[in-house]
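Counting starts at 1 for both ligands and their atoms, following the listed order. Keep in mind that what you see is a predicted model, and the values were worked out from it rather than measured.
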Amino acid sequence: MTRRRWIADTWNESTASLTGEQAAHLIRVLRAQPGTEYDIVAGDRVWHAVIAGISGDAVRFNLIAEVEADPALPVTLLLSVFKFDRMEWAIEKATELGVERIIPMVARRSEKHLVQSAEKRVERWRRIAREAAQQSRRSDVPQIEDVVPLKTAARQATEAVRLLLAEQERSTTLRHAVEEALRNAGEEMPAIRMAVGPEGGWTAEEEALFDAEGWKAVSLGPRILRAETAAMTATAVVSALLE
Ligand code: SAH
């Protein structure tokens, strides 16, 4: 039986506490009592914990023993800013699928009004990732970075396997590229970065820039997927090949 898992708001080496809406849910909805056992994520570690006390809207746990944490996939997703509701859906699905980092990126065809308000949405995206991590019992929360220009993102992490999800690409599939990366990586898993374009797709200049920076264009098949579909599908393919 897998215990329900909560992400601690505060902790030390022997206790952890939930406060705010998480604690309120635990107290009022789940009617938690001292002695009830849960898994608590404190820092990047998962603990088998038991409620030690409830005071006001804080629930305090004693940490009993560390639970084997399931590491995130060494996958970073670069998401060009696109329609926020769809982008937030992509963030939630990528989190469920185990990505370790999401970098929102400004592409040429990212809609201007979305780019202007993207900065202010990052905190909301972080909350969405945290809630999705909790729901999917992840032992960690993916890092949602601040919005960066495409040029900056394209130049980062030169040591990683960097794959450009390109709707026009026909010769190399994502699966082929990841299988090759696995062969080259030996026993440890390769760090993989994947870039997804906006609804309007990549411009020729952007594809040339990624190419010049050493990114490999890969295809998810002959059909044109929505950006959020591509993000989820690519993460699922990589997850299936890496796990
Ligand atoms: N408007 C463009 C498609 C953009 S889809 C057109 O109609 O051609 C948004 C992003 O999803 C693309 O930039 C790409 O990163 C990804 N994508 C969509 N379909 C894909 C496919 N078949 N293979 C690889 N990436 C794809």
Side-chain angles (χ1 to χ4, degrees), residues 73-115 117-118 121 125 128-129 142 144-145 147-158 160-182 190-242:
L73 293 172
V75 172
T76 293
L77 203 49
L78 279 63
L79 284 185
S80 301
V81 170
F82 57 97
K83 281 192 180 47
F84 288 152
D85 55 343
R86 294 176 175 278
M87 193 167 164
E88 290 166 4
W89 184 85
I91 289 170
E92 182 180 72
K93 298 311 148 199
T95 299
E96 292 172 53
L97 286 164
V99 298
E100 72 180 353
R101 181 181 306 101
I102 294 174
I103 303 176
M105 194 169 59
V106 178
R108 175 72 65 79
R109 293 179 181 151
S110 290
E111 288 174 41
K112 295 291 164 276
H113 71 285
L114 296 178
V115 172
S117 42
R121 298 283 289 215
W125 295 340
I128 287 170
I144 311 295
E145 296 199 355
V147 185
V148 291
L150 183 140
K151 274 195 175 63
T152 307
R155 293 193 173 120
Q156 292 173 335
T158 51
V161 173
R162 297 178 297 165
L163 306 173
L164 180 73
L165 294 176
E167 62 276 19
Q168 308 305 341
E169 170 62 26
R170 283 292 171 272
S171 61
T172 307
T173 63
L174 172 62
R175 180 173 62 79
H176 173 85
V178 174
E179 285 171 343
E180 185 187 1
L182 282 170
I192 295 177
R193 291 202 163 201
M194 297 189 287
V196 179
E199 289 101 331
W202 303 115
T203 63
E205 293 77 17
E206 288 170 334
E207 291 193 323
L209 184 138
F210 276 112
D211 181 56
E213 292 297 334
W215 289 66
K216 178 185 290 205
V218 293
S219 168
L220 286 170
R223 288 164 294 282
I224 297 291
L225 310 175
R226 284 187 178 281
E228 63 272 23
T229 312
M232 182 177 75
T233 308
T235 307
V237 166
V238 171
S239 161
L241 293 170
L242 289 188

For [atom], grab the closest protein heavy atom and report residue, atom and distance to one decimal in Å.
atom: atom 12 (C) of ligand 1; result: Glu167 OE1, 3.0 Å
atom: atom 15 (O) of ligand 1; result: Leu165 O, 2.6 Å
atom: atom 23 (N) of ligand 1; result: Leu220 N, 2.8 Å
atom: atom 6 (C) of ligand 1; result: Ile224 CG2, 4.0 Å
atom: atom 10 (C) of ligand 1; result: Gly197 O, 3.5 Å
atom: atom 16 (C) of ligand 1; result: Ala230 CB, 3.5 Å
atom: atom 5 (S) of ligand 1; result: Leu225 O, 3.2 Å
atom: atom 1 (N) of ligand 1; result: Glu199 O, 2.7 Å

### Task
Please lay out, stage by stage, how Leu164 and Trp202 fare under the test side-chain contact (heavy atoms from CB on, under 4.5 Å).
CA-CA 10 Å; Leu164 180 73; Trp202 303 115; 3.4 Å; yes
For the residue pair [X] and [Y], establish whether any side-chain heavy-atom pair is separated by less than 4.5 Å.
X: Arg193; Y: Arg101; result: yes
X: Arg121; Y: Glu88; result: yes
X: Leu220; Y: Leu225; result: yes

### Message
Applying side-chain contact (heavy atoms from CB on, under 4.5 Å), can you list everything that pairs with Thr203, at least two apart in sequence or on another chain?
### Response
Arg108, Arg109, Glu205, Glu206
### Query
Where's the contact between Ser80 and ligand 1, heavy-atom distance under 4.0 Å: side chain, backbone, both or neither?
neither
### Task
Just jot down the ligand 1 atoms closer than 4.0 angstrom to any heavy atom of Trp202, in number order.
13 (O), 15 (O)
### Task
Can you sort out which atoms of ligand 1 are near Gly200, meaning under 4.0 Å from one of its heavy atoms?
1 (N)
### Evaluation steps, side-chain contact (heavy atoms from CB on, under 4.5 Å), between Ile91 and Leu79
CA-CA 9 Å; Ile91 289 170; Leu79 284 185; 4.1 Å; yes
### From Val161, Leu174, Val237, Leu78, residue fulfilling side-chain contact (heavy atoms from CB on, under 4.5 Å) relative to Met194
Leu174
### Message
I need the single residue from Leu150, Thr152, Val147 that forms a side-chain contact (heavy atoms from CB on, under 4.5 Å) with Val106. Which is it?
### Response
Val147
### Query
Does Leu174 reach ligand 1, in the sense of a heavy atom lying below 4.0 Å from it?
no
### Task
Examine ligand 1 and decide if any of its atoms is less than 4.0 Å from a heavy atom belonging to Pro222.
no
### Val218 N/O under 3.5 Å from ligand 1 N/O
no
### Query
To which of Pro198, Ala234, Gly201, Ala195 does the heavy atom nearest atom 9 (C) of ligand 1 belong?
Pro198
### Query
Which of the listed options, Arg170, Glu207, Arg223, Gln168, holds the heavy atom that is closest to atom 22 (N) of ligand 1?
Arg223
### Message
Assess whether a salt bridge exists between Lys83 and Glu228, defined as any Lys/Arg side-chain N lying under 4.0 Å from an Asp/Glu carboxylate O.
### Response
no
### Salt bridge Glu213-Lys151, side-chain N to carboxylate O under 4.0 Å
no
